[in-house]
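A short write-up of the structure that comes next.
Computed from a prediction, not measured in an experiment: that's the story for all the values here. First the proteins, then the strands, lettered A, B, ... as listed; each starts at 1.
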2 protein chains.
Amino acid sequence: MNNKIEIIIVDDHPMVIEGLKSLLSNYDILSVTHTFTRGKDAYEYLSAHAGGVVLMDINLPDINGIELCDKLCSVNPVIKILGMSTHNDASIIKQMVHKGARGYLIKNASAEELYAAIENVYKGSTYFSAEVQGILAESSLKNIPRLTRREKEILSLIASGETTQQIADKLYLSPLTVETHRRNLMQKFGVSNAPALIKMAIDHKLL
Amino acid sequence: MNNKIEIIIVDDHPMVIEGLKSLLSNYDILSVTHTFTRGKDAYEYLSAHAGGVVLMDINLPDINGIELCDKLCSVNPVIKILGMSTHNDASIIKQMVHKGARGYLIKNASAEELYAAIENVYKGSTYFSAEVQGILAESSLKNIPRLTRREKEILSLIASGETTQQIADKLYLSPLTVETHRRNLMQKFGVSNAPALIKMAIDHKLL
DNA sequence: TACATTCTACTGGTTTCCCGGTATATTTAT
DNA sequence: ATAAATATACCGGGAAACCAGTAGAATGTA
C-alpha cells in the first residue's frame, strides 16, 4: 500500500490501454493497477473496490458505458469515473455526467490534459476539457425535444413504415389517438410532415 | 540505415500513437520512425519518402483519411497503407481499399494481429482481419440501392420536409415527375411510404 | 389537494401521398 | 448503332396524412 493514485482503465482497445499506460507512466504519482477490456469484469472488480480513478471508455463490447457508469455509481457512490470517447457526442456526455461521471475526455487529449483531469477528479472536483465544455454549451442551445414514452414508441413505428391504422391496431389505440401523437411529435420537432420528422429524430439520435 | 521495417503512424490521438508504439516495441524488427497527428504533415513527409508501412487512422482532424490515402497512393504507388478505425463501417473500409489501402484494422486489434497485418502488408500482400472480412461479406449481401443524381436530389428534399409540389417548384419539374421519382425511391428501398424511406436512406448512409 | 403532464379520443375538412398503369425524350454505355 | 438506364410526364382513384380545434381520463408531482 503506497500513496500513489490508483488508476483503473476500462477500454476494449488494447492499443488505447497501452497508450494510456505509456502516457501515464511519466507521472510517478499515478499507478495503473487494473485494466479491463470488458464491462462485466470491470463491474465485478469495481463494485467491491473503492478508491482511485476509473478511466472508462463509453463504447464497450458487452455493456453500454452509460449503464455501467450508472450501476457502479449506485453501488459505490464514492467511485470517481472519468468518461472517455472518440465521439464528441453531446447527448452521450450529458447522460454520462447525469449518471455520475466526474469528468469527460475526448480521446485526442494530450498527456497533460489527461493528467489534469485525473488530478481534478481524484481531488473530488470535476473535469471537462474546453472542447467538451464547448460541445455541451452548443448542445444546450439547440433544445432537443423531450418525448414521452408513448411518443417514442409511435415515433419508431412510424420510422419502420407503419401507417396510423397499423400502429393503432398494434397498440390497441384509436387511430385518432395515434394521429394526435404524430401531430404532437411533428410539432415538437417543428416540422410539418413525417419524413422530416424521421430525419430530425435521427439527427437528434432519438431513433 | 538498418534492416528494420520502418513504421509511420498517422493518428490524431496521442494515446493511440503511444499505444501503438508500446505494442510494437515488443517486435525488434519494427521501428516506429515517424508519427503525425495531422494529415497535412503526413502527406508532406510520405509523398517524398517511400518504404515502410503506414498505419493510418481514417478520422483525422484536418483531412479525410480516404482522400489522404487516395492522394498518397497516386503520388507514391509503392506506399503500403494499413487503414485503422474504431468504426467497423463497411462503406468506409471498401472506399479505403478502393483508394489503395493494403489492409484494414479495427482498433481493438491485439498486438499479434497488428504485427501480422504489418508483416503481410510489408511483404506486399494484404491483410484484413476476420472481423473486417465478416463486415465486408455482410455488407455485400444487403445490396444498397444505387440512386441516380435526380433521385438523391429529391430524396434529400423529401427528408427536409418538402412536399411533392414544393420540390416540383424548386426543380422546375412537374409534380407528377417528382412523384414518379419518389415512387422509384420507395421501390428501390423496398418500403411503402416516405417516413420509412428516410429511415432506410439514413441507415444506408445516403443522407 | 391542486396542478401539470400525458394519454386518450373526437369532428370535419383539405391536402398530400400512394398505387397501378403507361409512355416519350434524353443520356449513357456497349 | 443499338440497347439500357434515366428523366420526364400523364390518368384515375383510393388511402393516408395533415390541419385546427376541443376535451375527458389517467397519472404523476408539488
Output the rounded distance in Å from [atom1] ([X]) to [atom2] ([N]).
X       : N       : atom1 : atom2 : result
R182(A) : dC10(C) : CZ    : P     : 16 Å
L185(B) : dT6(D)  : CG    : C1'   : 13 Å
N184(A) : dC7(C)  : CG    : P     : 10 Å
H181(A) : dA26(D) : NE2   : P     : 15 Å
E153(B) : dT8(D)  : CD    : C1'   : 14 Å
E162(B) : dC17(C) : CD    : C1'   : 16 Å
Q165(A) : dA15(D) : CD    : P     : 12 Å
Q187(B) : dA5(D)  : CD    : P     : 13 Å

| task | Return no unless some side-chain N or O of T164(A) is found under 4.0 Å from OP1 or OP2 of dA17(D). | result | yes
| Would you say a side-chain N or O of T177(A) is under 4.0 Å from OP1 or OP2 of dT8(C)? |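 No, T177(A) has no side-chain N/O under 4.0 Å of OP1/OP2 on dT8(C).
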Contact class for [X] vs. all strands (heavy atom < 4.0 Å): base, sugar-phosphate, or nothing?
X       : value
R149(A) : sugar-phosphate
T180(B) : base
S174(A) : sugar-phosphate

Looking only at side-chain atoms of [X], point me to the closest of [options].
X       : options                   : answer
R150(A) : dA17(D), dC17(C), dT8(C)  : dT8(C)
P195(A) : dA9(D), dC7(C), dC18(D)   : dC18(D)
S192(B) : dC19(C), dC19(D), dA9(D)  : dC19(C)
M186(A) : dC19(D), dC10(D), dT16(C) : dC19(D)
R183(B) : dG21(C), dC10(C), dT8(C)  : dG21(C)

| query | Ring centres of Y115(B) and Y27(B) under 6.0 Å apart? | reply |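 Yes.
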| request: Indicate the ring-plane relationship of F189(A) and H204(A), choosing parallel, tilted or perpendicular according to the 30° and 60° boundaries. | output: perpendicular
| said: Let's test your reading of the model: under 3.5 Å, does the base of dC19(D) pair with the side chain of E179(A) as donor and acceptor? | reply: yes
| request: Between N193(B) and L171(B), name the one whose nearest nucleotide on DNA chain D is closer to the 5' end. | output: L171(B)
| Can you check side-chain contact (heavy atoms from CB on, under 4.5 Å) on T164(B) and R182(B), steps first, answer last? | CA-CA 9 Å; T164(B) 298; R182(B) 200 201 33 240; 2.6 Å; yes
| If you measure only the distance, is there a donor-acceptor pair under 3.5 Å linking the side chains of E6(A) and T33(A)? | yes
| message | Can you tell me how far apart CD1 (I202(A)) and CG (D203(B)) are? Round to the nearest 0.5 Å. | response |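 Reported value, rounded in 0.5 Å steps: 6.0 Å.
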